[in-house]
Amino acid sequence: MSGTVLVTGASRGIGKSTALLLSQSGYSVAVNYLNSADAANDIAEYINSHGGRAGAFKADVSEPDEVERMFSEIRLSLGEVTALVNNAGIAEQRVFSDISSSQWERMLAVHLTGAFNCSKEALKDMIRRKSGSIVNISSMWGQTGGSCEVHYSAAKAGIIGLTKALAKEVAPSSITVNCVAPGIIATDMMSGFSSEDKENMCADIPLGRLGTPDEVAHAVKFLLSESARYITGQVLAVNGGLVI
Ligand code: NAP
């Protein structure tokens, strides 16, 4: 694999694993973050000191101006973005009647508008080059709906719709757009759940355990690879059999 990949929300969790795996596969990696500057810089330094090429880039993906600036900075230091992983996300458990308008809007802004903003910037160069790949990180809750996560589920379902529609639109430019829908993955996002909660979750998962960020990263890597050039508009589930 070659070129430059932008992984949004790459300071922790699934994004971090994806950034590290893609750097090992030959990509120059733009590590996007919002608050975790030290963590993002450490990841970029680690990659640079292990024979790869990376930089850390701060931007709130929900803000179009910040995203545009980030793409200019990446172009200058790592070259044009040839692959994009829309991964940045937030989670919140709340009964529907307690979700405020601002919480609803923030959830959609980070996940859905974030993917819109970054895809729009990335496609400027991809369409001119007539090549490129985008992988959006949805969730099994975007496929099935999660109780007490209506705003999260709506945002993640929106990402699946965005993926399918955009895949059709940019296919004539040989650009693929796919989705990975993780199940329950052991990251900071799960830190609000007790050990007992997690044991109960594992009991429901056919493969009997939570997924790892690395297992999601491998699915992303496959969808960005040459082996997946004829796959577009698809949702690849990484969920241990929880949703089949
Ligand atoms: P995580 O460990 O909580 O990490 C979230 C990442 O997103 C961090 O790097 C954070 O950056 C970044 N981020 C949040 N808001 C941002 C914004 N507005 N702009 C830029 N970056 C932002 O989460 P994770 O579990 O790895 O989840 C990654 C993705 O997978 C998310 O889209 C999530 O919805 C999805 N997912 C996760 C699971 C799971 O079980 N963990 C399951 C299904 C889907 P800072 O730290 O710099 O703020």
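Numbers here simply count residues along the sequence, with the first being 1. Order of appearance sets the numbers: ligands from 1, and atoms from 1 within every ligand.
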**Q** Considering residues, nucleotides and ligands other than Asp38, do more than 12 of their heavy atoms fall under 6.0 Å from its CG?
**A** no
**Q** Name each donor-acceptor pair under 3.5 Å that joins a side chain in residues 118-126 to protein atoms two or more places apart or in another chain, with its distance.
**A**
unit_1 : atom_1 : unit_2 : atom_2 : d
Ser119 : OG     : Asn86  : ND2    : 3.1
Ser119 : OG     : Ala115 : O      : 2.6
Glu121 : OE1    : Lys124 : NZ     : 3.4
Glu121 : OE2    : Lys124 : NZ     : 2.8
Asp125 : OD1    : Arg128 : NH2    : 3.1
Asp125 : OD2    : Arg75  : NE     : 2.9
Asp125 : OD2    : Arg75  : NH2    : 3.3

**Q** Do the side chains of Thr176 and Arg229 get nearer than 4.5 Å, heavy atoms only?
**A** yes
**Q** Using ring-ring contact (aromatic ring centres under 6.0 Å, His included) as the criterion, list what pairs up with Tyr27, not counting sequence neighbours.
**A** none
**Q** Please identify each residue that fulfils ring-ring contact (aromatic ring centres under 6.0 Å, His included) with His50, with sequence neighbours left out.
**A** Tyr46
**Q** Which protein residues have a heavy atom closer than 4.0 Å to any atom of ligand 1, listed by chain and number?
**A** Gly9, Ala10, Ser11, Arg12, Gly13, Ile14, Asn32, Tyr33, Leu34, Asn35, Ser36, Ala59, Asp60, Val61, Asn87, Ala88, Gly89, Ile90, Arg106, Val110, His111, Ile137, Ser138, Ser139, Tyr152, Lys156, Pro182, Gly183, Ile184, Ile185, Thr187, Asp188, Met189, Met190
**Q** Working to the nearest 0.5 Å, report the span between CD1 of Ile74 and CE of Met70.
**A** 5.0 Å
